[in-house]
Structures are given as structure tokens and as C-alpha cells.
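Okay, structure first, notes after.
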Number of protein chains: 2
Amino acid sequence: MKKPQGFTVHDIARLAGVSAMTVSRTLNHPEKVSPAVLARVREVVARTGFVPNGMARGLRSSKARLVAAVLPTLVGPVFQETVRALNEALDEQGYQLMIGQSGYDASREDALLDAIIRRRPDGIVLTGIMHSPEGRRQLLASGIPVVETWDLTPTPIDMLVGFSHERIGQSVCHFLYSRGYRHPALISADDDRARRRIEGFQGMSRTLGLDAAPTHLVPAPTTLGSGRAGLAAVLAAHPHTDAVFCSSDMLALGVLIEAQARGLAVPRQLGVVGLGDLDLAASLQPALTTVRIDGTRIGRTAAQYIVERAEGRSVSEPIVDIGFEIIERASA
Amino acid sequence: MKKPQGFTVHDIARLAGVSAMTVSRTLNHPEKVSPAVLARVREVVARTGFVPNGMARGLRSSKARLVAAVLPTLVGPVFQETVRALNEALDEQGYQLMIGQSGYDASREDALLDAIIRRRPDGIVLTGIMHSPEGRRQLLASGIPVVETWDLTPTPIDMLVGFSHERIGQSVCHFLYSRGYRHPALISADDDRARRRIEGFQGMSRTLGLDAAPTHLVPAPTTLGSGRAGLAAVLAAHPHTDAVFCSSDMLALGVLIEAQARGLAVPRQLGVVGLGDLDLAASLQPALTTVRIDGTRIGRTAAQYIVERAEGRSVSEPIVDIGFEIIERASA
DNA sequence: CTGAAAGCGCTAACAA
DNA sequence: TTGTTAGCGCTTTCAG
């Protein structure tokens, strides 16, 4: 298998009648090259379609201009905003984003981490915090800047941009109570962060003198269908449920549809709160009350932290809680 | 800035009392190393947390074990299945997937292509076909295997796994006609592929002796909100519209919600057809009739083609039309 | 402003 | 089975 078009800096140098070093400078520090030479080299580059080999550059300069992000699920609305913002911010600074999917499975996660570390990215963005001790060790040992996101922990690996899931649970419970609901239930994904929201919710529910909220767990990723089925299940077991906190807007949409199919009036007979504030939330009928997390800010901040580090500067406030907000619309 | 933990094969070799080559072999061809040495080297690797430098490996062996995918929008439900399948299939073969977002903008696309080609991936998967002549040239010149997807063209750059958008338009128009609808309208994203579906639809509509279908264009990405607004606009201009073909399921969901808000019975007074067969389609009330594209097959096939090429084999049938299917449910 | 030498970390090819 | 040599393509460093 022959490489069809294997141009190197040397080829370009020869064709332009200069040294390889000058080609390299033309590409990376054009201000240090005389205009005449610059034009000549550029002409050859354009004519040949030469694209320098980034692996060689990275190897020599130990700057890959690459940032890796680890997502539990590759695509799906939840981290959409974060990833978009991350990608945009990095792109502006000349960095490429590489995305890896961890699944919700821990053993695959270590393999993924290995694949990532091999490429020596300038930074790694994790959605969620890293629990596997082996993963932590690898990350720490690699010396690569790491930003954990979408969660809080007293023991971050390195940097952190997140918020408290427990506090979300508390706030939503309190919000529902303040709206007059006394028999709330939970329909929730079965993952670690969702579980902490549930704990927060139940804690507050105890504080307010309510019964423990019935909880219906659904497998991740959450879908509209599991929202419908979830409401059906909850209502079957606890007929006087008067409100539901869903762990995603999709789930909430399912609940809304199922409620409608059953002739249950929202928000009068059933309050519904989602999580995520997807763009569909505002367009629903009734518009969905939901918890908004500023994913854009998470992504942008993570990008900024990593670029700072990659350029050798230090980050002054490497651990931030960006909080969240309950967007009150019409469904609760 | 010192590299905190810069182990190399040489360090590991010294610690294990062997040569660097033996460390390399332990990592890549363990069967060619004696059990005793293997164990010793592995112990050192585990103890130090050594992860080999993939850039160096890639440079030397010109195999990056990397595949790049270009998506118009980074995340979003449309290519979800394709990307997931692509990632899974590549992962099984030991390849990493890198994702780049082109936006719907052509100038950024060339820059992205450049960033991708620099890394010398073993393959590039494009969603949609490459129109920019400059992009084609770059791709061709790079000699990297390319798979274009989600579309058909008589002049692919290299390999192709797609289907005909025009034919989708024709089929949906015919389907609606056969269901008795005589005044269909289109609510569609304003992009190239969507436009070809519209042309197909209008062509068939002429053939069937229908008036040209009113068309309402919405900006990409499509949202539930623009579906609602779209139906309102269509109805305002063309009150006796009796069916709508939406260019995504999200749009269709918006149409369903708007129809409900207006007391329009679906499918009796208004037929609704979506595109994508998202998992929510089946769970809606009424369940959504939609066009299903086998994204999993696209992703898997693309992965297979690229791996074949990367391993030096040739692909026997490098251009496939995987077709599509209208899933008849309750909304039309 | 330009060039020559050296080497980043790894592995293909050959030798022992 | 193991080791030695060389060099992938680039850029850092140092001279001119």
C-alpha cells in the first residue's frame, strides 16, 4: 500500500528552493519569514495541497492541540449544549475536540481512558466525576489537565465545573411543596447523579413532613416512552400521586403525554417538573417547568481552563459550582 | 512546564532489564515474547502506569488507529444512531473515533478538514456528500479513505453509504395520496438534502395531478417549536391543508402538539409524517408515521469499509444505497 | 532572516 | 527469543 501523496516539509522545501526549517516557519511563524520567501513557499504549499503531519509536530513539540471529552452517551440532548460550547471555544483557540463514549460501564471506561491518554491530548474533559480508582490513577499519572464537570466532589482529580445534584433534588421538592403538591413521586434514570438528586429530594421531603416519595427508576438513556410507562406504573402503585419530578425533559414529555391520554389535567391534577430545559420544554402544551443547567457555561469554562493550562498559565479558581435554576412555566 | 510523568519505552526497558524493543513487543505482539519476560515487563508497566505515546507510534508505523467523522451538527438526534454504531464498530476493532463539527458553513468546513487531515486518520466519514471543490481536492490529495454517507451522488470521492432523498420525497407524497390526502404541505429544514426531498415530493405531486405543495422552511436544527410555528403558518396561508410532511420527527412532534392545541384531529383532519423514526415516534399519541433510515447500518458499514481499507484490503462494493422505509403508524 | 544538526518516542527491518 | 540500528516528519536549538 503506497501512500498516494506523501509530501513532507522537505519536499516543499526543495520545490521552493529553501530549507525545511523555513517551510516550518512559514506555517507556524510567518512573521519571521521575509515576504518574498513567504509568498514562494505558500505558493508551493497551495499547489501541492501539502498538509503538515500533526503527529510529527505533536511528537516534537509535545503540543497536540487536541482536547478529549468523555461522555457517557455519545449523543443525546443532555450534554448537547456543553459539548457544543466546548467545541466552539476550543475551535476558536485552534484546538480540536475528540469525543469518546464511555457508556455507563466502568471497565470500558478504563480502556477509553487509555486510548485517550495515548494521544497525549492537551486536556481531558470528563462529564461526571471519575470514580474508578484505576481511572483516577491513570489520569493523575498522565499529568494531563483534567476538568470534571456536571457534578461536585470534595476530591476532584484536578479542575471542576459543576453543580450539586443533591441540592437540585432538595430545591425541586421544596418548589413542589410550595406549589401545594403533597404527594410527589420521582421518575428517574438509574444512574449515580440521578440517585443523588433522589436523595436530596427525599431528604427535603422528610424535612417538610411528607411521606417518602415513590420512586420509579428507568434505564438510561431516558426516553419519552419510559416516561409514559413510568407515569402509568407510578399511578398504578400510588393513585393519589399529584406531582412528578422527572430526571430529564424527555421523560417529562412522556409523562405529559400519558397524563393527557388519561385525561389528567396538568398542572391542576398533576404537576410535572423536568430537568435540562431542552428547547422543546418551552414549546410544549402546557409549557414545561424544568431545571435549567447552564451547559454553555460549563463547556466554555472547561475549554478556558484547559487552554490556560495548555499554554502554561495557571487557573486561579479551578473549582466552581455554577448552580442551577428552576424555570417556572406552566406544568407545575 | 515539566512533564510530570514522562515515561518512555526506554524507561520501562531499563526498569525491567530488557531492551526498548522488547517493551514494544510486549505491548503489541505479546505472543512473540517469552512468558517470563512478558510478566516482568507487564509488572513494570502496571506499576508505573505507563501508557505508550500514540503520536510516536503513529508516526513510525503510519497507522493512527483513528477515524474522523464530520457532522453538520455535533449532537442532535438525526445522526445519533449512525455515530453510535460507527463508534461501536470502530471500537471493537481498536480504532478511536474523532468527531468534528462542520456547522452548516462551508468555509469552516475546509478548516476542519485541514485539522483532520493533519492527524492522518485511517479514514474519514462524512455525513452528507462533499460539495466544496477545495474540500474534495484536499481529501483526494490526502489519500485517506473517505466514506460519504446519508446521501447519494454519481461522483463520490471514494466510498459511499447512503440513500436517495429525492426518492423519499416521492414516496411520502405517494403514500399520503394513497391515504386519501389531497392537499399536503411541507415543513422542512432549509438544507440541501431537505431541498431534494422537497423536489422529489413536488415531482410526484405533479405526476399525481395535485397542486404544488405549500412549503414552509425552518432553520436547521429543527425543533419542536419551529414545528408548531410552522403548522400555524401553513394553516394561515393554506387553510385547507390536510397533511404535512415534516423533515424531522421533532418538527412532526411540534405539528402534532399544535394540531392538538387547535383541536385538529390527527390523522382524520390532518395527516402527519415525520422523518428519522426517533425512539419517541412510536410513543406519541397518536403514534407517528415516519420515514425510517437505518442509521445503524450506515455507521456499521462505514466503519467496516474504513477498517478494510486501513488493513490494506480492498472494498468490493464501495457504493451502496441502503434505501429507507415508511413506518406506518397512526398519524397518517 | 535562514539553515544545519539533533532528537521527540516509537517500531520495521535486520542481526544475533 | 531478544537486541541493534535507523528513521517516521517535524521543530527546538544554535550558528551563520
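Per chain, numbering begins at 1; letters A, B, ... match sequence-line order. Worth knowing before you read on, the calculation uses all heavy atoms, side chains too, and leaves out hydrogens, waters and symmetry mates.
- One interatomic measurement links the two molecules: CZ of B:R118 to C1' of D:dG9, which rounds to 13 Å at whole-angstrom precision.
- Distance CD (A:E31) to P (C:dT2): 12 Å, rounded to an integer number of Å.
- The pair A:R137-A:E134 counts as a salt bridge, with a side-chain nitrogen and a carboxylate oxygen less than 4.0 angstrom apart.
- With contacts defined as side-chain heavy-atom distances shorter than 4.5 Å, the pair B:I124/B:I116 qualifies.
- Taking all atoms of both residues into account, the shortest heavy-atom contact from B:G128 to B:W150 is N-CB, 4.2 Å.
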Encoded 5' to 3' (Watson-Crick or G-U under 3.5 Å; [ ] crossing; | other strand), DNA chain D becomes ||||||||||||||||

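- To the nearest 0.5 angstrom, B:R119 atom CZ is 10.5 Å from A:N53 atom CG.
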Requested in this report: For A:V146 and A:M130, run side-chain contact (heavy atoms from CB on, under 4.5 Å): C-alpha distance rounded to whole Å, both residues' side-chain angles, the deciding distance at 0.1 Å, then the answer.
Outcome: CA-CA 10 Å; A:V146 172; A:M130 174 62 60; over 6 Å; no

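- Protein atom CZ of A:R65 is 14 Å distant from nucleotide atom C1' of D:dT11, rounded to whole Å.
- If B:K32 and B:L59 are placed on DNA chain D by their nearest nucleotide, the residue sitting closer to the 5' end is B:K32.
- With no hydrogens or angles considered, no side-chain donor-acceptor pair links A:D110 and A:Q138 at under 3.5 Å.
- For A:K63 against A:A310, the heavy-atom pair with the smallest separation is NZ-O, 3.5 Å.
- The phosphate of C:dC1 (OP1 or OP2) has no side-chain N or O of A:T22 nearer than 4.0 angstrom.
- For A:R14 and C:dG3, the CZ to P distance is 15 Å, given to the nearest whole Å.
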With sugar-phosphate taken as primed atoms, P, OP1 and OP2 and all else as base, the protein-contact string of nucleotides 10-16 of chain C at under 4.0 Å (heavy atoms; B, S, -) is BBBB---

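- Summarising the local packing, CZ of A:R300 is surrounded by 12 or fewer heavy atoms from other residues, nucleotides or ligands at distances under 6.0 Å.
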